[in-house]
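For reference, the structure is listed below as structure tokens.
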Amino acid sequence: MIKSMNTVSAIKNNEYGLSSREIEVLHKLASGMRNQEIAEALYLSEGTVKNYISAIYSKLNVKGGQGAARKARDPGIMNN
């Protein structure tokens, strides 16, 4: 079942070219976590998280976290 979910996830992610790490950050961002909280949860620096978020916004062509979460839910990226 995990392999099947990963395959579906990979197909959905490729619509915007998001990496698996960007999806992890997006999930946490959409759940309301702040950059520092995301960094701690994923064992990253806050600067790295900011870089991921910037890349996510760019790939999804949005200006903020709410827009990114909303757009990601449309094609089902966040439904994993």
For Leu29 and Gly65, the nearest pair of non-hydrogen atoms, with its separation, is CD2-CA, 4.0 Å
Sorted by chain and number, sequence neighbours left out, salt bridge (charged side-chain N to carboxylate O under 4.0 Å, His left out) with Arg21 holds for Glu24
Applying salt bridge (charged side-chain N to carboxylate O under 4.0 Å, His left out), which residue pairs with at least one partner in residues 43-68 are found, sequence neighbours left out?
Glu22-Lys59
Which distance, rounded to the nearest 0.5 Å, do you find between the CD1 of Ile56 and the CG of Leu26?
5.0 Å
Return the NZ to CD distance between Lys71 and Glu15, rounded to the nearest 0.5 Å.
11.0 Å
With no hydrogens and no angle check, is any side-chain donor or acceptor of Ser54 less than 3.5 Å from a backbone partner on Asn51?
no
Reference residue Tyr57; test side-chain contact (heavy atoms from CB on, under 4.5 Å); the match among Ile53, Leu60, Asn61
Ile53
Report all side-chain donor-acceptor pairs from residues 36-45 shorter than 3.5 Å, counting only partners two or more places apart or in another chain.
from, atom 1, to, atom 2, distance (Å)
Gln36, NE2, Glu40, OE2, 3.2
Glu37, OE1, Arg34, N, 2.7
Ser45, OG, Thr48, N, 3.1
Ser45, OG, Thr48, OG1, 2.9

